[in-house]
Amino acid sequence: MIIRNEEERAILVEAGKRLGGVLEAVANMVAPGVTTDELNTLARKLIRDNGDEPAFEGYTPEGAGRKYPATLCVSVNDEVVHGIPNEYIRTLKEGDIVSLDLGLIHKGVIVDSALTVPVGTVSKEATELMSATEAALERAIEAAQVGNRIGDISYATGEAFKGTGFSVVKMLGGHGVGSSVHEEPFIANAGHAGTGPEIVEGMVLALEPIANAGKAAVHMGNDGYTYRTKDGSISAHFEHTILVETAGTLVVTRRPSER
Ligand code: MG
Ligand code: MG
């Protein structure tokens, strides 16, 4: 989506603010003993209470054989992305890390955001993986400037993991968003600076670094949605929807605690 006027911009900004609020409320519910289904139910309720619609429920991504059956994606430990919270219901336990990925539609505009949170006390490795992935998202956002290229975002994301010992998942990544859940361009989580489409005023992009504590390889589960690490190592994921503007890139899905 390209934002072309103040009205569209105001709707996008409000959509992002609402998503940030809902996602933070869901993240705050994460604790030992809570189920993935309970997180999904809360996300759905909060979105609907605001008069908005979940964006993922009923959406069929390219290559998927069926509609996504939930509001929220919940990916625990070695689950990388797109874990289904309400079919294979998992109970969170102390030491887990859990990625929460959520999209909503506000007045026809779609926004998308994710974060990974600890369940109680987690390992040093898990804490470092989450910090590194969140830091990579900020590097990606800095690279998303008018006049840069999409490859500059990919490069900044990949470089952010150099020296961390963690593996960025290159085959997954960000995308255009706003009019539909996934739009062009695809934004790989590693790549070459100065390549790809030019980043222009008004572009709405979802940036989403994903990294594994072990090797980068991932595989798709039997449910047709859940990606897991091949080596069983834990994985983290952070995502924001941004609006590229000459005056400075705006992160529209900042959560209340991040503002
Ligand atoms: Mg997402
Ligand atoms: Mg996304």
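Since the structure is predicted, the reported quantities are computational estimates derived from the model, not experimental observations. In each ligand, atom 1 is the first atom listed, and ligand 1 is the first ligand listed. Numbers here simply count residues along the sequence, with the first being 1.
- Checked against the 6.0 Å centroid threshold, H182 and Y59 count as a close aromatic pair.
- Taking a cutoff of 4.0 Å between a charged side-chain nitrogen and a carboxylate oxygen, E87 and R66 qualify as a salt bridge.
- The Mg ion (ligand 2) does not have H182 among its coordinating residues (no N/O/S atom, backbone or side chain, under 2.8 Å).
- Each protein N, O or S atom less than 2.8 Å from the Mg ion (ligand 1) was counted, giving 4.
- Note: I150 CD1 to H175 NE2 = 12.0 Å, rounded to the nearest 0.5 Å.
- Ion pair D96/K93 flagged as a salt bridge, since at least one NZ, NE, NH1 or NH2 atom sits closer than 4.0 Å to an Asp/Glu carboxylate oxygen.
- Ion pairing between E57 and K67 fails under the 4.0 Å rule for side-chain N and carboxylate O.
- Considering E138, E239, E24 in turn, E138 is the only one that fulfils the salt bridge (Lys or Arg N to Asp or Glu O under 4.0 Å) rule with R254.
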